[in-house]
Amino acid sequence: MNKVIRIGYLFLFLTSLLFSPIARAGGFLMQQPLKKQSTSADPGRQLRWWQDEISKKPYSWYRSEEGLQMAENILSWQDEGTGWPLMSTVREPFTGDLSRVGPWGKRAALVKATVNELRFLARAYAAVEDERYRTALLGGLDFILNAQQETGGWPKSVSQKTGYYRYATYNDDVIPDLMTFLGEVLTAADFRTIGEEKMQAVKTAYASGLEFILNSQIRVEGKRTAWAQQYDPVSLEPRPARAFEPVAISGGESAAVLHFLMSIRKPAPEVEAAIEAGVAWYRQVQIDGLEVIRTEDDLRVKANSAAGPHWARFYEIGTNKPIFAGRDGVIRYQVGEIEAERRRGYAWYNTSGTKVLERYGEWRHERQWDDFPPTNTDESRVREYTLPDPLRMEDGRPVQDRTDWEQSRRPELLALFETHQHGKTPDTPVRVVPEVIEKDVPGMGGLSRRTQVRIGFPDHPEVSPIRLLINVPAEAKGPVPILLHISFTPNVLLFDEPGIDEGMAWSGRMQMRIPDRDALLLKDIHPELFLKKGYGLATVYYGDIEPDFDHGGQYGIRALFPSDGKRKPDEWGSIGAWSWGLSRIMDYLETDPAMDSRKVALSGVSRLGKTVIWAAAADERFAMAIPMLSGEGGAAISRRNYGETIADLTNPLRYHYWFAPRYEQYAGAAGELPVDGHLLLSLIAPRPVLQIVGSTDTWSDPMGEWVAARAAAPVYALYDREGITGGPEPELEKPLLLDMGFYMHEGGHRVLPGDFAAMLDFMDRHFR
Ligand code: GCU
């Protein structure tokens, strides 16, 4: 049950934002649908009659006139009780006219062509029990089993025994398709009719096929990569096929192999290792910034920094350089160097890697809750706990006044958070240079003056700049208070207007670069509202600071800092990195006379709510913090053991990389953590904080967020500021606009219109 809830929750998080009223008003879009791409010159097209038409038919259909006729047609095409030709064999019967047999002109030419007929016959037999079906089925199955080579692979064809036809091949997805089919035989009820003995034979074949796949993964300097198109069936050495199909690692065929491996339930460790390595290879050889233009009779490539990722069909083993060949068989490194006929006539580039990475994201996701304890969402099962006292030093001394707080307890707490949760932000100086690429350009339909800045790192050209977009009210005279919002979405999608700095974003799920416009669109801020009320709005896409996935640090600002590659227990994570980026933006705001840098509020949602809290705790220049739905690792009290826990966060397949490695030690032991959510909030005192939470956002634990807000009150009291002293529970939909503010909307893990109204009221109250 708990798994369902969690997955449901994650799904809800995305869908709720997508389908919220604001989302609808804002014209929400998900990531662009990926174009379906076949991995090879696809004979599968002829074979899709099963998937496209028949596979969903009920058993009763097999007893219908149409079903019975199709079965007869299939039987008529079988080649002497063995295989079937490469074509749709259900439409008409074989009349003896060999010229009508498939594109290959021979029956049983392609081993894999047989699988759909067998799927059909197995189901038809279950429905009709005509023994001829079963005989044909067994014959076809034997044909596949007999075609398997000693080493576990299959050739394309058994009737053609020469040349590349005898190689074990991934071309045309032969092996993955056969393996998928055998997997079905082993599990689907329709195939039980083949009997125990045959089932054993299928099991053996499947195991040996899997071994072939694992053994044929090409190793370079001991490291697994991906797969070649075909292999010598004895030595398992990669082999060339047609003149233009050289020995290479294939960025086409390997995709289907990985899809097959990722379809295996409960994969063995070796299978997992093969998947991880194959996916890592896909990532390594991804080609960015290349547009592939196909015309009627040619194929050209040209540089285009906003082009989506591509993969080459062939990569040279050892160098991973894309390679190409024409009919002369000479290896070239540019597709333009082979003849036009071959340029156009072969699939030199593909986008199958995108699908691989997408599927990999799901695969990891499917597995992340294996063996995890259930989530508690029952208030009565919240264990007893004691919160560390914000006003008592670790050595027991009480904090008497502001001086004690500022000079002793606050630094102590900051250090504790660095040591145990967020890690230390390095103090190594890095050169940061803001480049103002546009200043005071009219924007938002005349509502604003727009400034765009690229905060760059000239000593590290490999680290992309942070793109900052600032809108100030067009009419503003003098410096304005600013809301700095860190968003899930690139600026170009948040602001639907021309002229916005546009480039590449990141897909966290696929762990790769994608064009800004293909990124996830979550309207987690509503710009007009703030401008209309006289506030400036600065927005930054969090992926510009650092991408949101494990090891994403190497592609973001953490790469600016020297590291020996080994993670130290108190090393910073992504939340630290995102916060660092926010401080660099603050550096810029301080230099721009149009901004009132003493009145900068920070906002962000969910993981970015956690970020906002840490950024404001660490950098006192931020005058206000508005964390929304910050949850576990943010304001929520970990000790409550309600909703998400530290164990959930630091799950190696989830978000451990947001934090310092030591945080993981408190999985299942929150009581031992010397800090908790209320102390994070306390670090922002006496500056105003508005938490926005959702009444049904159980994963984030709204009550825990409330308890934290209340528990920070003594620190606000030190400054004669208003903390929360009232009620055991927050009031629904009633913004509490004290210095420690709180607003609980009715609803879940999503941003609602009322949230923006509460934010504006809060800003008015404390900034005006
Ligand atoms: C996940 C994660 C939460 C986080 C949320 C988000 O659900 O478990 O801790 O707040 O993502 O960022 O939306």
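Start at 1 and go down the list; that is how both ligands and their atoms are numbered. Values below: all heavy atoms of this structure, side chains included; hydrogens, waters and symmetry mates excluded.
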What is the ring orientation for Trp578 with Tyr542, classed by angle as parallel under 30°, tilted 30 to 60°, or perpendicular over 60°?
-> tilted
Ligand 1 and Ser630, any nitrogen or oxygen pair closer than 3.5 angstrom?
-> no
Relative to each other, are the rings of Phe561 and Trp580 parallel, tilted or perpendicular (30° and 60° limits)?
-> perpendicular
With heavy atoms of Leu649 as the reference, note each atom of ligand 1 found under 4.0 Å away.
-> 9 (O)
Does an N or O anywhere in Trp699 fall below 3.5 Å from an N or O of ligand 1?
-> yes
For ligand 1, which atoms sit closer than 4.0 Å to a heavy atom of Ser606?
-> 4 (C), 5 (C), 6 (C), 10 (O), 12 (O), 13 (O)
If you measure every N/O of His749 against every N/O of ligand 1, is any gap under 3.5 Å?
-> yes
Using the six-membered ring wherever Trp is involved, compare the ring planes of Phe659 and Tyr663 and label them parallel, tilted or perpendicular (cut-offs 30° and 60°).
-> tilted
So, is Tyr655 polar-close to ligand 1, with some N/O to N/O distance under 3.5 Å?
-> no
Side-chain donor/acceptor of Gln554 to backbone N/O of His551, under 3.5 Å = yes
Before accepting this row, confirm whether a basic side-chain N of the pair Arg662/Asp570 lies closer than 4.0 Å to the acidic partner's carboxylate O.
-> no
Tell me which part of Asp648 gets within contact of ligand 1: side chain, backbone, both or neither, using heavy atoms under 4.0 Å.
-> neither
Over 60° means perpendicular and under 30° means parallel, so classify the ring planes of Tyr666 and His420, tilted if in between.
-> perpendicular
